[in-house]
**Q** 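Attaching a single structure in structure tokens format; questions to follow.
Read the numbers this way: they start at 1 and go in the same order the structure lists the ligands and their atoms.
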Amino acid sequence: MKLIRLLTPVLFCAVLASAQSNSMLPENSITKVSDHVWAILGFPNVIIVGGTSATLVIDTGLGAKNGAIVMRQVEKVAKNPKLFLATTHFHPEHAGGEQAFPPNTIILRNAVQQREMEQHGMEMIDMFRGFSAQNKELLEGVKFRQPDVVFDADCKLDLGGGVTARLLFTGGGHTEGDLLTFVEPDRTLISGDLVEKNQMPAIFGAASSMTRWLASLDKLAALNARYVAPDHGDLGDGTLVAKQKAFMTELRDRAIEGKRQGKTVEDTAAAMLAAMTPKYPGYNLNANNMTNVAKKVWSEN
Ligand SMILES: [Zn+2]
Ligand SMILES: [Zn+2]
């Protein structure tokens, strides 16, 4: 176990811990994202993609109780019982509700995420159980399921009626194995934790990388998405990809500037915070997350 993971337990996902006080997804609440895509907005946002012959669910909610809430919504919109499940990354609110899905669900994961889950999945479950009494109960007895399909970088699903979902591994950033999904003909990108609306990116520990994250954003920009459905926070349009890139590029460049000027990491973070807070209202910038970003950038540049 890497020490840095122990030192930064509250930084895992952008809205976790301080802002997030309820780990239950809402019942009977579904929002249309685009013609063939719906979202259950909560912790996290769970996405449902529907074709005429199959349905794809992306992420599970935290524990089997939340997975069951997702399944009740899936049953309302699905045109066919054939069901695929993909997870954006191995963190417990994204993948820890798999047990509630029917046994014949076809579970897909990219190889890097699968390896990361095997190496660190239960360690994360234990950590999340310590966040609250509710989490402790929701994650009781959770075990990750074995995937039915493991792919390297790209997996295209035909969901019927002209609807396709491209599952993409672009090199990660938030974790090592982040999975993105691009739905056609909607041009909807399900962006996991890599693209969010007006939020400080959750960079933490050894698994995150500013360099890989920025490289992933370049690949996502090439998709030319019309809609973006992030895993945390508000839904948005295709402009979120470029906004995320601009924001993170500024973070990186300011961190490098501080290093070149011979400042301490704390002084660099303070200068970043002072310069960027007025420019990015609502991003929840603070000394803690800025220091974290500066340390990460310094380690990579
Ligand atoms: Zn997350
Ligand atoms: Zn996460």
Side-chain angles (χ1 to χ4, degrees), residues 2 4-6 8-25 39-47 57-63 66-67 70 85-98 109-110 112-117 119-132 135 138-139 142 144 169-181 189-210 212-213 216-217 220 228-236 240 244 248 283-284 289 292-293 296:
K2 293 180 177 65
I4 190 124
R5 289 182 183 280
L6 294 173
T8 57
V10 297
L11 300 171
F12 280 87
C13 287
V15 297
L16 187 62
S18 56
Q20 181 260 332
S21 58
N22 184 1
S23 296
M24 288 306 293
L25 291 168
I40 301 169
L41 300 177
F43 178 72
N45 299 332
V46 173
I47 308 298
V57 177
I58 299 163
D59 285 351
T60 67
L62 188 92
N66 279 303
V70 173
L85 173 66
T87 49
T88 58
H89 59 293
F90 75 105
H91 288 163
E93 80 275 38
H94 299 276
E98 290 178 335
R109 266 194 277 278
N110 56 300
V112 175
Q113 182 184 147
Q114 179 60 26
R115 175 182 53 72
E116 211 174 12
M117 181 178 273
Q119 289 177 342
H120 300 295
M122 293 316 292
E123 173 191 318
M124 289 296 150
I125 295 275
D126 288 344
M127 188 173 283
F128 270 60
R129 290 188 83 209
F131 288 162
S132 71
N135 280 14
L138 287 168
L139 291 171
V142 163
F144 295 109
F169 169 62
T170 58
H174 171 63
T175 62
E176 291 181 2
D178 299 279
L179 179 72
L180 295 308
T181 304
L189 173 66
I190 293 103
S191 59
D193 288 26
L194 290 184
V195 181
E196 295 176 337
K197 189 171 182 179
N198 301 351
Q199 291 196 37
M200 183 68 167
I203 286 189
F204 62 89
S208 287
S209 163
M210 179 65 97
R212 284 188 286 109
W213 197 317
S216 283
L217 291 176
L220 297 184
V228 176
D231 266 14
H232 299 285
D234 296 336
L235 304 170
L240 289 192
Q244 183 86 24
M248 293 186 73
Y283 274 63
N284 188 31
N289 55 33
N292 226 25
V293 167
K296 176 59 70 179

**Q** As a test of reading the structure, name the N/O/S atom of His89 that is nearest the Zn ion (ligand 2).
**A**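 When I compare the N, O and S atoms of His89, NE2 is nearest to the Zn ion (ligand 2).
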**Q** Under the side-chain hydrogen bond (donor to acceptor under 3.5 Å, both in side chains) test, which residues partner Gln244, sequence neighbours left out?
**A**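 By the side-chain hydrogen bond (donor to acceptor under 3.5 Å, both in side chains) rule, Gln244 matches no residue at all.
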**Q** Among the N/O/S atoms of Asp193, select the one at the shortest distance from the Zn ion (ligand 1) and name it.
**A**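 Restricting Asp193 to its N, O and S atoms, the minimum distance to the Zn ion (ligand 1) goes to OD2.
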**Q** Can you name the nearest heavy-atom pair linking Leu180 to Ser191, along with the distance?
**A**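 Minimum heavy-atom separation between Leu180 and Ser191: CD1-O, 3.3 Å.
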**Q** Can you name the N, O or S atom of His91 that is closest to the Zn ion (ligand 2)?
**A**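 Considering only N, O and S atoms, His91 comes nearest to the Zn ion (ligand 2) through ND1.
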**Q** What's the NE2-the Zn ion (ligand 1)-NE2 angle here (His232, His94), rounded to 10 degrees?
**A**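 Vertex at the Zn ion (ligand 1): approximately 100°.
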**Q** Under the side-chain hydrogen bond (donor to acceptor under 3.5 Å, both in side chains) rule, collect the residues that match up with Asp178, sequence neighbours excluded.
**A**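 Here the qualifying residues are Thr175.
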**Q** Does Leu217 reach the side chain of Val195, with side-chain heavy atoms less than 4.5 Å apart?
**A**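 With C-beta onward as the side chain, the pair touches.
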